[in-house]
Amino acid sequence: MKINELARKLGISARTIRFYEQNGLLPGVEREDNRYRVFSDEDVWRLQTIIALREAGMTVKDIREVLESESAQHTVTDRERLRYYLELQQALLAGQWLEMRRMAETTSQMLELLQKEQELPLQEFFELAQQARQLRELRQHWRDHWNFDQRASEHDQQVHTDRAAYPGYNEVLTHTATSVRAAQGERGLDLGTGTGNLAGKLLAQGAHMAGIDQSREMLKQCRSKFPALDVRVGNLLSIPYDDRSFDFVVSSFAFRYLAEPELPLALTEIRRVLKPHGRICISDIMPDEASASVSSPIIVLQNWLEQHDYMLQRTSPYAGVFTLLAVPIRPSSSR
DNA sequence: TTTCTCACA
DNA sequence: TGTGAGGA
């Protein structure tokens, strides 16, 4: 098949097909004596895959990597790699979607200011822009360091042997799962689910659980341990789920990875994916008394939650660990 | 018709 | 990440 026929068939320009070939997405296309390209059935399949992945917004570079060793025999690892790249894409798009939404919001705020101010509110515009940029940089920062993967294989031993990093691991998980009081059929989300130990307990209680984690290795193990668990690659600052998806959000030993300015952002995200009546239950290490200041993580969490009309219950399932249960006083109307 | 290169957004 | 022009 020659290039124009193929282009017509697939609904893209011949120019684009050449462009893909040039960029290494279509290796080994045959030529006739006159240098015309001849596309095989294999090439056609490949091109269709490319078009599909482009439609998902994947970059040409990423597609090249996905298709790299993918040859005639579709092996298990090809499937794994494709899945991995699609998951990365999903996480990336979740971030961009939030970013777009934030831009739309900033625009609305600017219009509002313009409406009610006599003078041109340039100073306010500038301040809005500053805030917006800070938000973006915080989210951006996360994307840079998501290589938790090495630790995944030892994770399940480590949580039981490393008492300093995971004090009372099992007790804390059980306590967290109990505190949130999951009802049959409720939908819950576990943030930083790791290999799914907390989510697994809630599954056993009859909840429908989803989870996110940074590490695809963790998620791989998680899937084999709990096939019923819906896990995605993502981080706490841009959660790859829709608004109002969950009745509750839980998290254990994950919030420690957030820097202080990231905490409110994570909570805003949590509130976004929660249904209006949704509750939150977070467990992690308590900072020791000496370093506990006004800005200690748990205080920041408490303050934010109280300011946003949550009723709090703080317990300590184990020495040095806190569990914070937050239930909305009245269903939050916005977001 | 198709290919290739240069330039452009 | 493509596209348009123009010569071969």
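Chain identifiers are assigned alphabetically (A, B, ...) following the order of the sequence lines, protein sequences preceding nucleic acid strands; residue numbering begins at 1 within each chain.
- Contact annotation: A:Arg15 does not reach the phosphate of B:dT1 (side-chain N/O to OP1 or OP2, under 4.0 Å).
- Under the Watson-Crick or G-U wobble criterion, with both distances below 3.5 Å, B:dT1 has no partner in any strand shown.
- The interatomic distance linking A:Asn34 (CG) with B:dC4 (C1') rounds to 14 Å, in whole Å.
- The side chain of A:Arg54 lies closest to C:dT1, out of B:dC4, C:dT1, B:dC6.
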Could you check A:Ser179 against A:Thr176 for side chain to side chain donor-acceptor pair (under 3.5 Å), going step by step and ending with a plain yes or no?
CA-CA 5 Å; A:Ser179 299; A:Thr176 310; over 6 Å; no
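- We find that CD of A:Glu5 is positioned 13 Å from P of B:dT1, with the value rounded to whole Å.
- With rounding to whole Å, A:Glu21 atom CD is found 8 Å from B:dC4 atom P.
- With rounding to whole Å, A:Asn23 atom CG is found 9 Å from C:dT1 atom C1'.
- Using a 30° and 60° split on the angle between ring planes, A:His155 and A:Tyr166 fall in the perpendicular class, above 60°.
- A sub-4.0 Å separation between OP1 or OP2 of C:dT1 and a side-chain N or O of A:Arg64 is absent.
- Listed candidates were B:dT3, C:dG2, B:dT5. Nearest to the side chain of A:Arg18 is B:dT3.
- When distances run from any side-chain atom of A:Arg35 to the nucleotides C:dG4, B:dC4, C:dG2, the shortest one goes to B:dC4.
- If you take CZ of A:Phe19 and C1' of B:dC8, they are 13 Å apart, rounded to a whole angstrom.
- The nearest whole Å value for the distance from the CG atom in A:Leu6 to the C1' atom in B:dT1 is 15 Å.
- A:Phe253 has its ring centre less than 6.0 Å from the ring centre of A:Tyr169.
- In the set C:dT3, B:dC4, B:dT1, the nucleotide with an atom closest to the side chain of A:Tyr36 is B:dT1.
- A side-chain N or O of A:Tyr241 and one of A:Asp230 form a donor-acceptor pair less than 3.5 Å apart.
- Inspection of the A:Asp213 and A:Thr193 side chains reveals no N or O donor paired with an N or O acceptor under 3.5 Å.
- A sub-4.0 Å separation between OP1 or OP2 of C:dT1 and a side-chain N or O of A:Thr16 is absent.
- The distance from atom CD of A:Glu30 to atom P of B:dT3 is 14 Å, rounded to the nearest whole Å.
- One finds a side-chain N or O of A:Tyr20 lying less than 4.0 angstrom from the OP1 or OP2 phosphate oxygen of C:dG2.
- The distance between atom CZ of A:Arg8 and atom C1' of B:dT1, rounded to the nearest whole Å, is 11 Å.
- Side-chain N/O atoms of A:Ser13 include none lying less than 4.0 angstrom from OP1 or OP2 on C:dG2.
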